[in-house]
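Beneath this line is the structure, given in structure tokens, with notes to follow.
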Amino acid sequence: TELKEEKTREGREKIITQLTSIEAHASSRTLLWALENRNYQEVHKETIQSLGKVRPIGARTVASLIDKLDNPELRDDVAEALKQIGSRGWTPLIEKLADEREHDGAYYALSQIGKIATPELLKALRKKEHNIRKSTTNLLQLIAERGEFPKSSIQNLAQAFGNEIN
């Protein structure tokens, strides 16, 4: 209720920061409310950063964060929050690669998450959906080009799955 009553950006930021240190269930619920409320857009960045830190992860947290990937101003913060959450945060992104509307945001977030998402990306090479396999191969190549993963390993994987992907 304090967040609802606070009118200044600074006051809202302070309350959001404090929420990360209280009971996870209550803070997640309030942070998600602020994230989904258009009247609180000026603190969405701070809200997203806080949601990446709250443990345990609330059931709606990952889905609400993924929904914000369509906002270019928030993409980096969403990717970082999903990275902080761990595999529970980035695994749903792989399924989004098959969705034409959500592909770009999911691809961007996975590219920012990088190397630590590699085990899930490797598993995704076996998915039936062509778009997921193709995007996963591209992501693994990007990760290798940035030096986060041995390029030879990616090339071997791309060759092994090449007939299925191309």
Practice item. Go through Lys115 and Glu148 one step at a time and tell me if the salt bridge (charged side-chain N to carboxylate O under 4.0 Å, His left out) criterion holds. Key: CA-CA 6 Å; Lys115 179 182 178 179; Glu148 297 178 38; over 6 Å; no
For [Y], is there any backbone N or O sitting under 3.5 Å from a side-chain donor or acceptor partner on [X]?
X      : Y      : value
Glu129 : Asn131 : no
His44  : Asn37  : yes
Arg133 : Lys127 : yes
Thr61  : Ile57  : no
Arg88  : Leu82  : no

Rounded to the nearest 0.5 Å, what separation is found between the [atom1] atom of [X] and the [atom2] atom of [Y]?
X      : Y      : atom1 : atom2 : value
His130 : Ile132 : NE2   : CD1   : 11.5 Å
Ser50  : Leu35  : OG    : CG    : 10.5 Å
Glu80  : Leu74  : CD    : CG    : 14.0 Å
Leu139 : Lys134 : CG    : NZ    : 12.0 Å
Thr47  : Leu31  : OG1   : CG    : 6.0 Å
Ile94  : Ser135 : CD1   : OG    : 10.5 Å

Review point. Quick one: salt bridge (charged side-chain N to carboxylate O under 4.0 Å, His left out) pairs with a partner in residues 34-48, sequence neighbours left out?
Key: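 Applying salt bridge (charged side-chain N to carboxylate O under 4.0 Å, His left out) to every pair that reaches into residues 34-48, excluding sequence neighbours, yields Arg9-Glu46, Arg12-Glu42, Glu36-Arg60, Lys45-Asp77.
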Where [X] and [Y] come nearest, the two heavy atoms and their spacing:
X      : Y      : result
Glu120 : Ser87  : OE2-CB, 3.4 Å
Ala106 : Lys96  : CB-CB, 3.6 Å
Ala81  : Ile48  : CB-O, 3.5 Å
Ile66  : Pro92  : CD1-CB, 3.9 Å
Gln112 : Ala79  : CB-CB, 3.8 Å
Ser111 : Leu142 : CB-CD2, 3.5 Å

Practice item. Determine whether Ile113 and Leu125 fall in the same hydrophobic cluster, where Ile, Leu, Val, Met, Phe, Trp and Tyr are linked whenever their side-chain heavy atoms lie under 4.5 Å apart. Key: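 Hydrophobic grouping puts Ile113 with Leu125.
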Review point. Side chains of Leu121 and Thr137: does their closest heavy-atom pair fall under 4.5 Å?
Key: no
Review point. Are any of the side-chain heavy atoms of Ile85 and Arg55 separated by less than 4.5 Å?
Key: yes
**Study point:** Derivation of the side chain to side chain contact (heavy atoms under 4.5 Å, CB included) call for Thr91 and Val62
**Key:** CA-CA 10 Å; Thr91 301; Val62 172; over 6 Å; no
Practice item. I would like to know whether Leu93 and Leu69 meet side chain to side chain contact (heavy atoms under 4.5 Å, CB included); could you show each step before the answer? Key: CA-CA 10 Å; Leu93 292 171; Leu69 282 170; 3.6 Å; yes
Practice item. With sequence neighbours excluded, tell me which residues meet ring-ring contact (aromatic ring centres under 6.0 Å, His included) with Tyr40. Key: Trp33
Check your understanding: Between Thr118 and Leu122, is a side chain to side chain contact (heavy atoms under 4.5 Å, CB included) present by the stated rule, with each step listed?
Key -> CA-CA 6 Å; Thr118 301; Leu122 292 172; 3.9 Å; yes
Practice item. Mind running side chain to side chain contact (heavy atoms under 4.5 Å, CB included) on Trp90 and Ile116 for me, showing each step along the way? Key: CA-CA 10 Å; Trp90 63 72; Ile116 60 173; 3.6 Å; yes
